[in-house]
Amino acid sequence: MSDKLDRLEERLDKARMRIKRSEDRQVIESVFDTKTLLMLYQMFNKQILEEVNGVISTGKEANVYWAVQPDGTDVAVKIYRIATFNFKRITLYLEGDPRFSRIPRARSGLITAWASKEFKNLQRAHNAGVRVPQPIHVQRNLLVMEFIGEDGLPAPTMHQQKPEKPEQARTTILKAVSTLYHDAHLVHADLSEYNIMLWDGPVLIDMSQAVVLDHPHSEMFFERDLRNILSYFERFDIPYLDLDETIAAIRGGAYK
Ligand SMILES: Nc1ncnc2c1ncn2[C@@H]1O[C@H](COP(=O)(O)OP(=O)(O)OP(=O)(O)O)[C@@H](O)[C@H]1O
Ligand SMILES: [Mg+2]
């Protein structure tokens, strides 16, 4: 038994060594629980990751890190934190999705389902040709994806920086919503300037809560997404778009 524990400690230490952080070990312990460290250890061993560098974002439910692959490629690693997870909220999005007909009851099972949902949604969107970070790997509560930005510096979100050509950006986003709807059969369900990055045009991110069209609330989410986008663009001096007309136009295939 103590042999086993020694081996576990050794693995945890190896994983910790590849997490570059300026803070002390106590901080690492509070963010990377034992299971998360073990997942990272496995990803280092499988050569999916070489090193975890700085933290990009600390959100309510997930942290996003800049990491590097053995060949030097930058990637983003989103780590869902079990301790702060809002389980009530996510059940609304998991229920009604035929891909997750059996909703796990254990908290860790739910988080695994949630991370895998984001991976699948990104994959579907990417395959349909929508600009999203390309998903690379998912394991338990960790999601590895394409890094949007350069040299470890993430691209700005549309909340942080206004698009240079707002009318063009709005059209690109409406086309992306349309492609998601008609080709990927998905609704983002949390679309706003906070979940769109600007990197040579808009890139949609944060797709864990995206739902399939069969979901009982998909139409409501679809309308809410479009309301958020149209109201964001009202601050610019560009032609006004009516919400109901835009919803009808996208449903009717006018933005394909
Ligand atoms: N693929 C990526 N490449 C670079 N940066 C990313 C990537 N994905 C996310 N980020 C950065 O991390 C932030 C949070 O990501 P995301 O929206 O997916 O997580 P979240 O759970 O919504 O976090 P929050 O609770 O802060 O909203 C983004 O605003 C962006 O700055
Ligand atoms: Mg977000």
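In each ligand, atom 1 is the first atom listed, and ligand 1 is the first ligand listed.
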### Task
Any chance you could measure Leu38, atom CG, to Arg140, atom CZ, to the nearest 0.5 Å?
9.0 Å

### Message
Check for me, please, whether Ile19 and Leu12 land in the same ILVMFWY cluster - side-chain distances under 4.5 Å, paths through other members count.
### Response
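Ile19 and Leu12: one cluster.
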
Over 60° means perpendicular and under 30° means parallel, so tell me whether [X] and [Y] are parallel, tilted or perpendicular.
| X | Y | value |
| --- | --- | --- |
| Trp66 | Phe147 | tilted |
| His217 | His215 | tilted |
| Tyr65 | Phe32 | tilted |

### Task
Applying salt bridge (Lys or Arg N to Asp or Glu O under 4.0 Å), name anything that partners Lys14, two or more places apart in sequence or on another chain.
Glu10

#### Entry: Shared-cluster residues of Met197, by chain and number - hydrophobic side chains joined below 4.5 Å
Ile148, Trp199, Val203, Ile205

## Note on the structure
So, leaving waters aside, the tally of protein N/O/S atoms less than 2.8 Å from the Mg ion (ligand 2) stands at 2

### Task
Examine the side chains of Arg11 and Asn45 and answer whether a donor and an acceptor come within less than 3.5 Å of each other.
no

### Query
Got a salt bridge between Lys35 and Asp33, using NZ or NE/NH1/NH2 to carboxylate O under 4.0 Å?
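Salt bridge flag = no for Asp33 with Lys35.
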
Where does ligand 1 get N/O contacts under 3.5 Å from the protein, atom by atom?
unit_1	atom_1	unit_2	atom_2	d
ligand 1	1 (N)	Glu146	O	2.9
ligand 1	3 (N)	Ile148	N	2.9
ligand 1	17 (O)	Asn195	OD1	3.1
ligand 1	17 (O)	Asp206	OD2	3.0
ligand 1	18 (O)	Lys78	NZ	2.8
ligand 1	19 (O)	Lys78	NZ	3.3
ligand 1	22 (O)	Asp206	OD2	2.5
ligand 1	25 (O)	Lys60	N	3.3

